[in-house]
J.: 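Right, I'll just put the structure down here and ask away after.
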Amino acid sequence: MPDSKKLDELCLTTIRMLAVDMVEAANSGHPGMPLGAAPLAYVLYKRIMHYNPKNPAWPGRDRFILSPGHGSALQYAVLHMCGFDLPMEQLKNFRQWGSLTAGHPEYGHCPGVEATTGPLGHGVAMGVGFALAERYLANEFNRPGHDIVDHYTYGIVSDGDMMEGVASEAASLAAALKLGKLIYLYDDNKITIEGSTDLAFTEDVGKRFTAYGWQVLEAESSENLDDIQAKVVIAQAETGKPSLIMCRTHIGYGSPKQDSEKAHGEPLGAEAMAATRAAFGWPEDAFHIPAEAAGEMGGQVKTGVGLERAWQEKMDAYAKAHPELAAKLKARLAGELPQGWEESLPVFDPADGKMATRGASGAVLNAIAPAVTGLVGGSADLAPSNKTMIAGSGDMRPEGGLGRNIHFGVREHGMGAVINGMGLHGGVIPYAGTFFVFSDFCRPALRLAALMQIHNIWVFTHDSVAVGEDGPTHQPIEQLMSLRLMPGLTLLRPADANETAAAWRIALTRKGPSCLLFSRQGLPILDPKACDIAGGVAKGAYVLSDCEGSPDILLLGSGAEVHLALAAQKELKAKGKAARVVSMPSWEIFSEQDQSYQDSVIPPAVKARLSIEAGATLGWERYVGDKGCSIGIDRFGASAPGALVLEKLGLNLDNVVAKAMECLK
């Protein structure tokens with residue numbers, strides 16, 4: 001056997017044993033997948049991918065996603081061996097408090113991890129987003145002789161990923177868009193937690209992906225490194241289709257638990273560990289790294305530094321030939337917005353009459369789009385209703401061109417995960433739209449966006465029972481309050497067109513994901529000359545309309561219901577009661593303000609408070625207090641004209657005034 005083959009085997013065994021040693025030391029984790037899929041990761045990191053361990057954020061790098069994140073010990077072992085800043089002490093503290101080596105890979109926590117994975121299927125879909133962002137940036141910035149944006153997205157995907165619907169949604173979209181620079185290695189070990197995959201999964205995955213429009217290749221053996229590499233090279237050459245490389249692997253490879261579900265989610269145990277070490281001819285001491293393996297894989301540092309240097313030379317030549325484009329690309333990759341973009345934000349005139357905030361959102365989007373060229377996205381087949389089309393910018397199509405409108409199809413879950421990948425890639429600010437009630441389809445992706453603090457924008461329209469005739473299936477009730485529970489997610493529910501413009505401003509400048517909630521029905525436009533609407537929205541809540549002297553009661557609301565509060569304020573004044581109207585478009589932002597500001601808006605001394613919101617009332621006690629009251633909807637809606645549904649469910653002026661008087665008793 002040639003020395004190179006022996007060295008490959010030594011490196012592979014080092015990776016495998018580091019992974020199982022991590023799991024054993026933690027007495028927690030998943031040893032089976034690392035033992036079986038180590039050759040896939042080794043080929044990608046050692047022979048294929050372009051990256052620099054000393055600068056994991058180098059823009060010209062290839063991206064890698066470990067979609068079955070439960071196999072994180074595999075990725076940590078490879079990152080350590082390849083010279084990333086992941087010391088041995090971190091491997092020894094696998095799954096422990098404060099360590100970089102969390103139970104599943106976490107973006108922004110461990111160097112070299114491109115995406116937080118673990119919820120199966122999401123890595124598959126986020127990879128589609130990476131490839132989509134790469135294509136968009138390449139179309140926008142590359143010029144003849146200057147392919148400055150030119151990289152691949154690779155991933156290891158699993159049987160579990162293939163069972164999840166989100167992966168199917170995204171894979172179908174990837175094929176429709178012909179994302180040829182997306183390449184996945186399928187760790188097909190045919191085992192899940194409960195046993196063999198054929199208990200519930202008997203389909204031919206290769207034929208399914210062929211039917212989608214992917215190039216499907218089959219590796220001869222998961223242990224044949226040269227063949228796996230050759231298949232990846234073939235995949236690279238296919239520019240018109242994403243590629244799936246079928247790799248028949250063996251969970252728990254080399255251990256007594258090989259090809260058994262017992263290798264999946266628990267340490268091998270002392271007896272099986274001893275047998276595994278014997279099978280590989282490995283020393284008994286844990287976390288053993290032979291010098292030859294350390295030297296061979298540590299060479300990726302020198303290789304990576306050279307690759308980045310070569311890319312930087314290309315970048316310098318690009319900057320000389322196209323200085324304005326180069327400066328723009330640099331700013332975009334740094335997450336900077338163009339100077340003066342806020343001047344493009346429209347101001348709406350009350351004289352223009354009523355306007356649905358979804359319509360105002362579309363107007364704002366199209367006003368700012370020429371200035372903020374990194375803004376790209378679309379809807380789950382609802383763009384005409386969501387008002388998410390950027391006029392004149394074209395569609396994202398496989399045949400090329402700078403299309404900014406992405407047609408996600410009826411795939412809310414996949415759409416959400418895809419824009420997560422786009423946001424993680426960088427250089428773009430992705431947005432996605434659907435009806436608010438269908439945010440439930442997006443919830444797992446929303447949660448990951450919040451967890452990773454991805455800068456993306458979620459446009460949710462038809463935000464209440466005012467949807468009307470479509471009925472309770474399309475009328476959100478619990479969605480608003482339940483999303484307020486999610487840490488790291490900012491919700492903005494504007495009351496009119498000018499609050500909508502302010503909400504978009506926040507979504508573009510604020511760290512992390514933002515949800516913009518818009519009405520279907522027309523709403524009066526608030527007068528921007530009467531108070532500082534933009535400044536008020538920027539603080540999450542503000543006094544929209546005050547009374548003379550100290551208020552007897554506070555009327556608190558968001559969105560369309562703010563106008564009910566304004567109407568009730570007048571009625572209450574006629575009854576001799578002074579009311580203050582507080583618009584609260586964002587609880588999250590308001591909670592970040594100092595206590596003195598919060599108290600200036602909602603004075604602690606005023607105990608009579610009434611919240612008005614077309615959704616679940618649970619949670620409003622935070623602001624109305626023990627003596628306050630709430631008007632909302634704690635049941636499902638009904639099919640009828642929107643105005644009538646609101647009337648029947650108590651979102652009407654008479655009920656608001658009556659409830660306010662009751663609170664004042």
Side-chain angles (χ1 to χ4, degrees), residues 1-25 31 34-35 37-66 71-94 99-102 105 109-114 151-152 154-156 185 223 225-226 228-229 232 254 277 280-312:
M1 182 183 291
D3 287 346
S4 62
K5 296 289 187 183
K6 289 183 178 179
L7 194 53
D8 281 337
E9 284 192 5
L10 184 66
C11 291
L12 262 180
T13 303
T14 303
I15 293 167
R16 281 168 158 149
M17 296 312 296
L18 280 177
V20 295
D21 281 340
M22 279 186 266
V23 174
E24 208 68 21
L35 283 170
L40 283 55
Y42 179 72
V43 168
L44 289 175
Y45 275 92
K46 184 66 176 64
R47 300 185 178 186
I48 298 293
M49 293 198 305
H50 290 186
Y51 60 93
N52 181 3
K54 295 305 177 186
N55 182 15
W58 163 41
R61 71 192 183 280
D62 291 325
R63 271 63 167 179
F64 171 80
I65 299 176
L66 182 70
S72 60
L74 169 61
Q75 187 167 21
Y76 299 144
V78 172
L79 292 174
H80 173 78
M81 292 297 295
C82 290
F84 285 81
D85 187 14
L86 193 64
M88 175 59 76
E89 194 62 30
Q90 295 296 330
L91 272 59
K92 292 180 178 179
N93 285 317
F94 179 56
S99 75
L100 301 181
T101 50
H109 187 66
C110 178
V113 171
E114 300 279 8
H151 67 76
Y152 289 89
Y154 299 97
I156 293 176
L185 276 64
E223 298 302 306
L225 305 182
D226 293 339
I228 294 171
Q229 180 181 1
V232 174
R277 290 184 188 282
F280 285 116
W282 208 246
E284 292 184 6
D285 52 312
F287 298 100
H288 171 67
I289 300 179
E292 300 94 326
E296 177 68 9
M297 295 194 70
Q300 293 303 111
V301 171
K302 182 178 179 181
T303 300
V305 169
L307 288 168
E308 182 175 356
R309 184 183 299 118
W311 180 85
Q312 189 58 53

J.: Grab the two heavy atoms, one from F94 and one from S72, that are nearest each other, plus how far apart they are.
T.: CE1-OG, 3.5 Å

J.: Which heavy atom of P31 sits nearest a heavy atom of V20, and at what distance?
T.: CB-CG1, 3.8 Å

J.: Could you give the side-chain donor-acceptor pairs of residues 77-93 under 3.5 Å, partners two or more places apart or in another chain?
T.:
unit_1	atom_1	unit_2	atom_2	d
H80	ND1	L86	O	2.7
Q90	OE1	L100	N	2.7
N93	ND2	E89	O	3.1

J.: If I compare all heavy atoms of I15 with all of A38, which pair ends up nearest, and what's the gap?
T.: CG2-CB, 4.3 Å

J.: Would you mind listing every salt bridge (Lys or Arg N to Asp or Glu O under 4.0 Å) that reaches into residues 288-298, with sequence neighbours excluded?
T.: K46-E296

J.: So L40 and L74, do their side chains get closer than 4.5 Å, heavy atoms only?
T.: no

J.: Applying ring-ring contact (aromatic ring centres under 6.0 Å, His included), name anything that partners H151, two or more places apart in sequence or on another chain.
T.: H425

J.: Who pairs with T101 by side chain to side chain donor-acceptor pair (under 3.5 Å), at least two apart in sequence or on another chain?
T.: S99

J.: How close do P290 and W282 get, counting heavy atoms only, and between which atoms?
T.: CG-CH2, 3.5 Å

J.: Are L18 and T14 close enough that some pair of their side-chain heavy atoms sits under 4.5 Å apart?
T.: yes

J.: Is there a side-chain contact between Q75 and Y45, using heavy atoms and a 4.5 Å cut-off?
T.: yes

J.: Quick check: does any side chain N or O of D21 sit under 3.5 Å from a backbone N or O of F287, one acting as donor and the other as acceptor?
T.: yes

J.: For the residue pair G60 and W311, what are the closest heavy atoms and their distance?
T.: CA-NE1, 3.8 Å

J.: Can you tell if the side chain of P39 reaches within under 4.5 Å of the side chain of L12, non-hydrogen atoms only?
T.: yes

J.: Can you name the nearest heavy-atom pair linking L66 to G71, along with the distance?
T.: CD2-O, 3.6 Å

J.: Which residues pass the ring-ring contact (aromatic ring centres under 6.0 Å, His included) test with H109, not counting sequence neighbours?
T.: none

J.: Got a sec, which pairs hit side chain to side chain donor-acceptor pair (under 3.5 Å) with one end in residues 300-309, sequence neighbours left out?
T.: Y51-Q300, N52-E308, N55-E308

J.: Could you work out, with side chain to side chain contact (heavy atoms under 4.5 Å, CB included) as the rule, every residue matching E114, not counting sequence neighbours?
T.: R61, R63, F130

J.: Check side chain to side chain contact (heavy atoms under 4.5 Å, CB included) between A310 and all other residues, then give those that pass, not counting sequence neighbours.
T.: none

J.: Taking only residues two or more places apart in sequence or in another chain, which ones pass ring-ring contact (aromatic ring centres under 6.0 Å, His included) with Y152?
T.: Y154

J.: With sequence neighbours excluded, what pairs up with D226 under the salt bridge (charged side-chain N to carboxylate O under 4.0 Å, His left out) test?
T.: K5, R47

J.: Roughly how far, to the nearest 0.5 Å, is OH of Y76 from CE of M22?
T.: 8.5 Å

J.: Quick one: side chain to side chain donor-acceptor pair (under 3.5 Å) partners of T13, sequence neighbours excluded?
T.: none

J.: Looking at residues at least two apart in the chain, or sitting in another chain, which of them share a salt bridge (charged side-chain N to carboxylate O under 4.0 Å, His left out) with R16?
T.: E223

J.: Measuring only between side-chain heavy atoms, which start at C-beta, is Y42 closer than 4.5 Å to D8?
T.: yes

